Protein chains: 2
Amino acid sequence: MKSTATLKDVARQAGCGIATVSRVLNGKGPVSAASRQRVLEAAQSLGFEFNETARALQSQRTRTIGCLVPSLINPVFADAVQALQAEVLAAGYHLILMCSDYDPAQEAEIIRMLIQKNVDALALTVSDAATSAGLMALRDRPLPHCLMFNAPAQGAASYFVNNASASARVAQAFDDEGHHRTGFLALRFHRSDRSRQRFEGYKKACRTRGMAEPLLLEVDQDQPDLGKQLSQMLRQRAQLSGIYASNDYLAIALIRAARALGWKIPQDLSVIGFDGIEVGQLMVPSLATIVTDPAAMGRQAGRHLLAALENQQHLGAENSVPPIGGLGFEFRPGESLGPVRSDMRSNSRAATPLLPLHHSKTALNASQEQ
Amino acid sequence: MKSTATLKDVARQAGCGIATVSRVLNGKGPVSAASRQRVLEAAQSLGFEFNETARALQSQRTRTIGCLVPSLINPVFADAVQALQAEVLAAGYHLILMCSDYDPAQEAEIIRMLIQKNVDALALTVSDAATSAGLMALRDRPLPHCLMFNAPAQGAASYFVNNASASARVAQAFDDEGHHRTGFLALRFHRSDRSRQRFEGYKKACRTRGMAEPLLLEVDQDQPDLGKQLSQMLRQRAQLSGIYASNDYLAIALIRAARALGWKIPQDLSVIGFDGIEVGQLMVPSLATIVTDPAAMGRQAGRHLLAALENQQHLGAENSVPPIGGLGFEFRPGESLGPVRSDMRSNSRAATPLLPLHHSKTALNASQEQ
DNA sequence: TATCAAAGTGGAAACGTTTCCAGTCCGGAT
DNA sequence: ATCCGGACTGGAAACGTTTCCACTTTGATA
């Protein structure tokens, strides 16, 4: 395990003290040219490499950043993690990666472990930022951290997309095509504050626009019979002309289920997704969706943490990067969204007691907000 | 940064030596009930937590495993990493994650960094296992490591799918439907030994079956104009009745490009992918593909490393988990593969000077091999 | 020639653990 | 009463660095 030479070994071989060796190899402090030469040769011949563990113990900095996401199976998180990793690596930091499986209990435990491991900073996506116990434990600690995907909470900065604004944009898109009776399809509704925020934002936007209250459609997280669940759900909810899915995978599964019932997309049902994953553009029909930039979230979270570490190093505990109000997003039109069928339009109006009296068509384009 | 109490602090508060505190908190060594009580109370009141860095320096074990994959954007690697992480976490190990971006130079540098960080073991996917410099550096070191996705090489065990067998199965599938003039579509051909092995295996199987030599179709890795590249390529290669794509994403993009030209799938072109990603089943037409189990690779790599660590601990350097010959895979039929059109059949025969004299239809079902 | 600053050097303390070892205390057996 | 072995204890030495500090050397200045 420890076949590597130590400073002491190099010092012995070079015929000097370990302090000198350290100075040479770190390039700091005064050393004579002769010493430098001998040390470098000795280090070379012994194949010396620093022991980062010892360095970390001495310097109190592990050059390691903890990263917690719910899962890597959702490409949104994978993209963010990859960008984060690349960003911090450039500054010499490594990433310790953990997945919580959307479980708040594991979340807290994992954060504890990462602290114990002496990470220099943390980038997190938690189930529910407002109530996260792990995040709370972090609040009083002088440990730089920030959130990804979650809306900012508990004093932590965050790199996220404003789910309410994005959902308002979805409502507009449906409204523009005449869809007023719509549903919101969610997979892990109670384990993801993002999903809940999307629904809340969507509900509010529908209300503002005078659309019917959207129906919340929850499915279990079992993969195998997802198609069956969706088919059954669709049969029961045939009066909906549009469905907003809480992510693109769900949207794609929904489209397939609808087609399996013989429905035509978008004639019989319009679908809008969320995330903007690549395959959405490749499939037929292409998927209308909200395009976000998860890599940007990871990258910016990385920059934030590096800046905080830098400041902590040189200045006081001053935090130079201000928390921001949400990253940009874009509505990407697609073949899965079309105009409402005339018979459904009248149907829905008739069946909508919730319709407010005036249709305030405020044309707010959410993507322009930031 | 170091607001946490140390053993010394606890010892002072409990009125005993640090050795006793260590014994209590580690649950090993003889301690009186009275001491234990006092120590536990002191630790509790001070909110003591172990400093894992110091522990690592002392014990020469970081309880950390290095993980290197080309990218997380390909869900295949994301799945494997997630499974690996879950597996090793259960044994108290953490994962340091790095991405090489398919770059052999970065690969070697990253492996060096991970070694320097004193990881206890390594799980790697390299560009080319046979020639990887990083892997070579590992060979003489007593550092447990194994490969994922790569075929075993340089004495390292590997968890992978036999690309040649899988490709033979693809050849069979095409052959069964009468496709004899086919192509192999690759994105990062020279940076991925998997891709090359798939092509070689496919070429060989085609030869064995008396099909025409498959055409190698390479596209650049630029995302934006991938569609254009594919369209152009398809127009030039209209004589091909089937294309085997080196991964599912490429297959999906290819299908879209073909449709954009007005081609019908599978009537005008049959497509088979590789990996078996989820969306392949959800889209229309569903994608015929080789289904692999990347999570299993990650999981088994994790078990392998844990076993090696266990053995290294208790016994000698004996390695209890034998390298295996490849994980199982499965051919999943899909709507993207159909019978060859009769005119293309004759066309292709006529245009195929490479056809060997006898058609040896050895019906080897690759998926049954393991 | 005497004095001094600067440059170079290495010993030693620290970082927070684990663990060896040499002690102290006890009760029970001689 | 004496001895002995076991249970318990805490001092101290590692682990491999960084860094402070006090000590040489040197060359230049007065």
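As the structure is a computational prediction, the values presented were derived from the model and not from experiment. Worth knowing before you read on, the calculation uses all heavy atoms, side chains too, and leaves out hydrogens, waters and symmetry mates. Each chain gets a letter, A, B and so on, in the order its sequence line appears, and its residues count up from 1.
- Atom C1' of nucleotide C:dG16 and atom CZ of B:Phe50 are separated by 10 Å, given to the nearest angstrom.
- Over its length, the helix from C:dT1-D:dA30 to C:dT30-D:dA1 turns its helix axis by 70°, as judged from the five terminal pairs at each end, rounded to 10°.
- Remark: A:Asp128 engages A:Arg196 in a salt bridge (charged side-chain N to carboxylate O under 4.0 Å, His left out) (not counting sequence neighbours).
- In this structure, A:Gln60 reaches the C:dG16 phosphate: one of its side-chain N or O atoms is under 4.0 Å from OP1 or OP2.
- One interatomic measurement links the two molecules: CG of A:Leu57 to P of C:dT18, which rounds to 12 Å at whole-angstrom precision.
- Atom CZ of A:Arg63 and atom C1' of D:dT17 are 15 Å apart (whole Å).
- Side-chain nitrogen and oxygen atoms of B:Ser32 include none within less than 4.0 Å of the OP1 or OP2 phosphate oxygen of D:dA7.
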Could you pull out all donor-acceptor pairs under 3.5 Å where a side-chain atom in residues 88-95 of chain A meets a protein atom, sequence neighbours excluded?
from    : atom 1 : to      : atom 2 : distance (Å)
A:Tyr93 : OH     : A:Arg61 : NH2    : 2.7

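- No hydrogens or angles considered: a donor-acceptor pair under 3.5 Å links the side chains of B:Asn118 and A:Thr53.
- Using a 4.0 Å cut-off between charged nitrogen and carboxylate oxygen, A:Glu87 and A:Arg303 count as a salt-bridge pair.
- Side-chain N/O atoms of A:Thr64 and B:Lys117 include a donor and acceptor closer than 3.5 Å.
- The interatomic distance linking A:Lys8 (NZ) with C:dA13 (P) rounds to 14 Å, in whole Å.
- Rounded to a whole Å, the NZ atom of A:Lys28 is 18 Å from the P atom of C:dA7.
- With salt bridges taken as basic N to acidic carboxylate O contacts below 4.0 Å, none links A:Glu41 and A:Arg38.
- Between B:Tyr159 and B:Phe149, the ring centre distance reaches or exceeds 6.0 Å.
- Taking atom CG on B:Leu25 and atom C1' on C:dT18, their separation rounds to 13 Å, with Å as the unit.
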Only pairs under 3.5 Å count here: list side-chain donor-acceptor contacts from residues 131-140 of chain A, not counting sequence neighbours, and write none if there are none.
from     : atom 1 : to       : atom 2 : distance (Å)
A:Ser132 : OG     : A:Gly134 : N      : 3.4
A:Ser132 : OG     : A:Leu135 : N      : 3.1

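- Taking side-chain N and O atoms only, A:Asn51 has no distance below 4.0 Å to OP1 or OP2 of D:dC15.
- Here D:dC15 presents its C1' atom at 15 Å from CD of B:Glu52, a figure rounded to the nearest Å.
- Side-chain proximity of A:Pro30 to the nucleotides D:dT19, C:dG8, C:dT18 is greatest for C:dG8.
- Under the 6.0 Å distance and 45° angle rule, B:Arg55 counts as a cation-pi partner of B:Phe50.
- Ranked by how close their nearest DNA chain C nucleotide is to the 5' end, B:Ser59 and A:Ala34 are led by A:Ala34.
- Results of the side chain to side chain donor-acceptor pair (under 3.5 Å) test with A:Ser127 over A:Arg191, A:Glu107, A:Arg188 single out A:Glu107 as the only residue that passes.
- Of the candidate nucleotides D:dT18, D:dC8, D:dG16, D:dT18 has the atom lying nearest to any side-chain atom of A:Ser22.
- Of the residues in residues 36-49 of chain A, those lying under 4.0 Å from DNA chain D by heavy-atom distance are A:Phe48, A:Glu49.
- Between A:Leu327 and A:Asp293, the closest side-chain pair of non-hydrogen atoms is not below 4.5 Å.
- Distance, A:Asn26 CG to D:dC20 C1': 15 Å, rounded to whole Å.
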Check: protein-nucleotides 10-12 of chain D nitrogen or oxygen pairs below 3.5 Å:
from   : atom 1 : to      : atom 2 : distance (Å)
D:dG10 : OP2    : B:Gly17 : N      : 3.0
D:dG10 : OP2    : B:Thr20 : OG1    : 2.8
D:dG10 : O5'    : B:Gly17 : N      : 3.4
D:dG10 : N7     : B:Arg23 : NH2    : 2.8
D:dG10 : O6     : B:Arg23 : NH1    : 3.1

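- Nearest to the side-chain atoms of B:Gln58 among the listed nucleotides C:dT19, D:dT18, D:dG16 stands C:dT19.
- Inter-residue side-chain proximity for A:Ser71 and A:Cys99 is flagged as unmet; no heavy-atom pair is nearer than 4.5 Å.
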